[in-house]
Amino acid sequence: MQDQFRTGSVTVDRMSRLHISGNIIPVTWYKTIRKSTGKPNLNAIIILADIVYWYRPTEVRDEMTGELVGLKKKFHADLLQRSYQQIADQFGITKRDATNAVVELEKMKVIRRVFRTLHVNGRQVPNVLFLDLNVDILEALTYPDHEQGCHLNGGYPSLKKETGITDTGGMESPFWEREVSYIGETNTENTNRKFSTESSSLFQIEKEVREQISYGALKHDNPYNMQIDELVGILVDVKTCSAKTIRVNREDKPAEIVKAQFQKIGMEHIQFVLNCMEKNTTKVTNMRAMLITALYNSVNTISSYYSSLYNYHRSYGVLEKGEEE
């Protein structure tokens, strides 16, 4: 009896004992999700695989009979909440690459970005990103050579009548027309004008940050340096953070202290951090944490750094040589 559970390969036999779950990437996506160059858009593919994982339902079975009695979603809200930085950290890519990949998926209409305003600890947090999934487009991308529906025989039965789950395929309004704001536990339809009003606080903070660090002058001197924009994003994130503590130098510091320190950051501190990043040759596994720490420390270390650099050049006669010339 034991022989029927042996394949003849030790590796395959051992693999049968592993239960591997998580993201699934259909091989067809490498042909249907491509860049303008014709190559597979790998960032978009791995991000879509993660979104699909979260939208796959969890089975609810009867404890006694094992019979499938229902389905439930993995996330708390009606849509999947994500942030670009969260996606970037998860897959080891930059925030810009994560943003571009999500935008490309939205252009393909397989996902839709929804920005909402949340109430967190009595405070409004605007511009929170949620991702909606278009199953019809996903189906077309996954099964490009088959008629829709021919591969659904192994799926779950419709639970619309029994559980009240809505069949999105029969919606009267187009999938891409509705915009939603999310305040507390209330979902309301939103217009672009209303959304702009709710998000004005975030835009105002970003404007203040740009003025604080003389963003225009920095970009004038370094027009192609996208790290400046990344640092702006981190400054905005810290200023709008609702957590009680922020991790700096591998320890949790009170958020108010970190915010007060970031309030002192100016143009010279940004230049200092950019200069240090350019000279860094070690591998950084958590770029966001490193940049937060670098910005925080720049306020206290910038004077010592340039004094040390001045003394170094002077000791080797670099300054005297420049003055003679």
Side-chain angles (χ1 to χ4, degrees), residues 83-85 88-89 93-99 127 199-325:
S83 72
Y84 297 125
Q85 190 60 56
D89 292 341
I93 58 180
T94 65
K95 184 178 179 180
R96 179 171 295 275
D97 287 340
T99 304
N127 215 29
S199 303
S200 60
S201 59
L202 182 64
F203 298 145
Q204 179 62 31
I205 292 174
E206 183 172 345
K207 181 180 178 181
E208 292 173 358
V209 167
R210 289 171 181 252
E211 292 177 354
Q212 176 183 332
I213 65 171
S214 302
Y215 176 84
L218 286 169
K219 292 298 286 186
H220 181 270
D221 295 336
N222 306 275
Y224 304 109
N225 192 339
M226 305 310 298
Q227 292 176 328
I228 297 174
D229 298 279
E230 293 178 5
L231 294 177
V232 170
I234 289 177
L235 286 166
V236 173
D237 286 347
V238 169
K239 287 196 171 190
T240 58
C241 179
S242 59
K244 294 183 179 180
T245 61
I246 299 176
R247 194 162 185 81
V248 179
N249 290 323
R250 298 184 179 180
E251 64 175 308
D252 294 328
K253 292 182 177 293
E256 294 306 318
I257 293 179
V258 178
K259 291 180 181 181
Q261 185 83 331
F262 271 49
Q263 195 64 33
K264 303 175 184 177
I265 294 175
M267 177 180 175
E268 65 278 10
H269 301 99
I270 299 297
Q271 292 173 325
F272 170 61
V273 171
L274 291 173
N275 185 47
C276 292
M277 290 172 60
E278 185 178 352
K279 294 180 179 180
N280 179 56
T281 58
T282 59
K283 182 179 179 181
V284 179
T285 55
N286 191 336
M287 180 60 70
R288 176 181 170 79
M290 188 273 285
L291 290 177
I292 291 177
T293 299
L295 288 168
Y296 182 90
N297 291 337
S298 66
V299 177
N300 297 328
T301 60
I302 186 171
S303 297
S304 299
Y305 172 81
Y306 283 119
S307 295
S308 175
L309 188 63
Y310 173 84
N311 293 332
Y312 170 80
H313 287 161
R314 187 175 183 180
S315 65
Y316 282 90
V318 176
L319 297 178
E320 287 81 354
K321 182 178 179 181
E323 291 173 356
E324 292 177 359
E325 293 176 352

Could you grab the distance from atom [atom1] of [X] to atom [atom2] of [Y], nearest 0.5 Å is fine?
| X | Y | atom1 | atom2 | value |
| --- | --- | --- | --- | --- |
| L274 | D221 | CG | CG | 11.0 Å |
| R210 | I228 | CZ | CD1 | 10.5 Å |
| K264 | N300 | NZ | CG | 7.0 Å |
| N275 | N280 | CG | CG | 11.5 Å |
| H220 | L218 | NE2 | CG | 11.5 Å |
| M277 | M287 | CE | CE | 5.5 Å |

Exercise. With side chains defined as the heavy atoms from C-beta onward, is the minimum distance between L235 and I270 less than 4.5 Å?
Worked result: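 In short, these two side chains touch, coming nearer than 4.5 Å.
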Closest approach of [X] and [Y], non-hydrogen atoms and distance?
| X | Y | answer |
| --- | --- | --- |
| C241 | K259 | O-NZ, 2.8 Å |
| S298 | I265 | OG-CG1, 4.5 Å |
| Y84 | A98 | O-CB, 3.7 Å |
| F262 | L295 | CZ-CB, 3.8 Å |

For this session: Kindly state each residue pair satisfying side-chain hydrogen bond (donor to acceptor under 3.5 Å, both in side chains) with at least one member in residues 229-239, sequence neighbours excluded.
Result: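 For residues 229-239, and leaving out neighbouring residues, the side-chain hydrogen bond (donor to acceptor under 3.5 Å, both in side chains) pairs sorted by first residue read Q212-K239, Y215-D229, K219-D229, D237-R288, K239-Q263.
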Without placing hydrogens or testing angles, list every side-chain donor-acceptor pair under 3.5 Å for residues 242-249, not counting sequence neighbours.
unit_1	atom_1	unit_2	atom_2	d
R247	NH1	D252	OD1	3.2
R247	NH2	R250	O	3.0
N249	OD1	N297	ND2	3.0
N249	ND2	N297	OD1	3.1

For this session: Using salt bridge (Lys or Arg N to Asp or Glu O under 4.0 Å) as the criterion, list what pairs up with R96, not counting sequence neighbours.
Result: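 Counting only residues at least two positions away or on another chain, R96 forms no salt bridge (Lys or Arg N to Asp or Glu O under 4.0 Å).
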Exercise. Any luck finding a side-chain donor-acceptor pair between D89 and Q85 under 3.5 Å?
Worked result: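 Yes, because at least one side-chain N or O of D89 sits under 3.5 Å from a partner of the opposite role on Q85.
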For this session: Determine whether more than 12 heavy atoms belonging to other residues, nucleotides or ligands lie under 6.0 Å from atom CD of E278.
Result: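 Open: at most 12 neighbouring heavy atoms sit under 6.0 Å from CD of E278.
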For this session: Measure from the side-chain N and O atoms of N222 to the backbone N and O of N225, and report whether any donor-acceptor pair falls under 3.5 Å.
Result: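 Absent.
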For this session: For V299 and F272, run side-chain contact (heavy atoms from CB on, under 4.5 Å): C-alpha distance rounded to whole Å, both residues' side-chain angles, the deciding distance at 0.1 Å, then the answer.
Result: CA-CA 10 Å; V299 177; F272 170 61; over 6 Å; no
